[in-house]
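Worksheet for the structure shown next.
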Amino acid sequence: MNIKENIEAIRADFPILKREMSGLPLVYLDSCATALKPQCVIDEVVRYYTYLGANAQRGDYEMAAQVDYALDAARKTSAEFINAKKTEEIVFTSGTTEGLNLLALMITNQFLKQGDAILTCETEHASSVLPWQQAGLAKDIPVNFIEVDQEGRITPENVEKAFVQYPNTKVVVFAQVSNVLGFNAPIKEIAKIAHDHGAYLVVDGAQAVAHHAIDVQDMDCDFFCFSSHKLCGPSGIGVMYGKFELLDQLRPIFFGGESNARFARSCDSLVLKKTPTKFESGTLPIEGALGMATAMRYLMNIGLNNIHEYEWELKQYFLKRAQEELQDKIKIYNPNAQGGIVTFNVYDKGQLIFPQDMASYLSNKGIAVRSGQHCAKLMGEFLGVPGTVRASIYFYNTIEDIDRLVDAIKDATVEKCLDIFF
Amino acid sequence: MPIDPSYYREIIMDNYSYPQNKELKTDDGEYDQRHMASDSCIDDITVQAKIKDGIVQDVRFDGQACTISTASTSILTQLVANKTVEQAEAIIQNYFNMIHGRPFDPELVDEAIVFEGVAKQPNRIGCATIGWKALEEMLQAHREQTTKEQEA
């Protein structure tokens, strides 16, 4: 689908775009935090509550069978969405963070031994760093950091170098797309390096899935986690993908209803269900899984490559106007990251406008952006600033949205940031 | 009291651009201190207080923070200087009432009245109170210490 030619129709799919913020038409530039939801996703969630209703994989009546069918279809859609080899490689979780935490615990406890090490990088989201640090405490398994290049990119050369420096690395964990700078990491090359050294590659796909066509088989990553809410689906649901033979070896962290096939009084009598159901104890957010699958079909219909191209086109438009009209006013940290993320700071006669003040100022102009460290607390050290403003563009944004952002930045002063209080 | 935006704005700007008491003491063991890192944003400040004989003798701070955090803490350090612990607590309590949109005594909050508008921006309440909470904690600690000493 040509997004530019269909932008009005696309925007009409998102009822929330009709609302106002601060009394002005909404310019939503925080899709990296969470994406807005199209009507078809909302309808699917409502369909579960108003028609399907039953629990999954438990009932022998028609309603329950319909739910089972819909949930199976959602798993198939998820597999297709990231081109997994088997549907059984899709484990439903509450989101990226849960997936990454489960993997950190399971892999550390079951695959690693004292002396092994984890490799990540300093520009990563907290979810790629903290779970491994915590999981590794008991076995004293450290998390080491690779160096990024001058622009903040992960390069295969630096990963290779890190294996020389930390030869005991057994797990490499990176975001495919950094949530702050938006660079796309060369996952396929990194996977090869990791595998050559006998290490697993865990990929945080949270920021990638909504903006790129994902092919886990081609990338050859061992695990890939993502959240539904970043790709226009409901919150509280996501996917932990793993190569089947690896998932099959892992023993779950949680136990309870649904994940077990048989059990008796003695602990060793537990028979778990097969992969992936063994990882899904308790009732899933069924409406979330159905809504997520609807969102995936919606995005595939528009075309992930089209989405990526359109975002990059809008970002280039922003960069061009910034270059022409915002000299000395703005510092952009990631002009070369080809996607929809623009990370910047605004200056008033050479004085930094504190990122949170800037975000409040923009809010007053009806523009939603994120300010701060974006959950990547080590990033500040890399960029040398306390925080940044992040505008993240998605396929429902328009040239006019970018114009409003540029015009607002042009007009910004420290003093005007106080307008919201008076 | 009607809000005069330009005058209030000037006071905030002045305290942001030229904050008062923005330097920590490193050579005086009588200062208590609190490091405050906001949960929701990147404000990261340390507040010091020298509380002696029931008097708040000096309050200082340092760190990186937004206009509202910096200016509100700067004004705080001036308002409570040389006040009794009870007076300082009353000022802080009234300020919190104002920030949360509850009835308050304008005379007690004095110059901090410039932050009255924060009440209508709930997502910035954390900024306007970060330094004040630090002092509140230290006053509380001082109180507990004093009670303990009296009991001993």
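Letters go in sequence order (proteins before strands), and every chain restarts at 1.
A pairwise comparison of heavy atoms in A:I420 and B:R124 identifies CD1-NH1, 4.2 Å as the closest pair. The two atoms that bring A:D357 and B:I68 nearest to each other are OD1-N, 4.5 Å, heavy atoms only. In terms of heavy atoms, A:F422 sits closest to B:R9 at CZ-N, 3.9 Å.
Heavy atoms of other residues, nucleotides or ligands lying less than 6.0 angstrom from CG of B:D28 number more than 12. Atom CD of B:E107 has 12 or fewer neighbouring heavy atoms from other residues, nucleotides or ligands inside a 6.0 Å radius. Sparse packing is recorded around CD of A:E147, with 12 or fewer heavy atoms of other residues, nucleotides or ligands lying under 6.0 Å away. Open room surrounds CD on B:E23; 12 or fewer heavy atoms of other groups in view lie less than 6.0 Å from it. Annotation: B:K148, atom NZ; neighbour count of heavy atoms from other residues, nucleotides and ligands within 6.0 Å does not exceed 12.
Put simply, NZ on B:K120 and CZ on A:F421 are 9.5 Å apart, with the number rounded to the nearest 0.5 Å. Atom CE of A:M358 and atom SG of B:C66 lie 14.0 Å apart (nearest 0.5 Å). Between the CZ atom of A:F354 and the OG1 atom of B:T70 there is a distance of 7.0 Å, given to the nearest 0.5 Å.
Interface remark: A:L352 contributes backbone atoms only to the contact with chain B (heavy atom separation under 4.5 Å). Only the side chain of B:Y16 comes within less than 4.5 Å of a heavy atom of chain A; its backbone N, CA, C and O stay farther away. In this structure, the portions of B:Q64 lying under 4.5 Å from any heavy atom of chain A include both its backbone and its side chain.
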TODO: Kindly indicate, with the supporting measurements, whether the criterion side-chain contact (heavy atoms from CB on, under 4.5 Å) is fulfilled by B:C127 and A:Q356.
DONE: CA-CA 10 Å; B:C127 314; A:Q356 200 181 10; 3.5 Å; yes
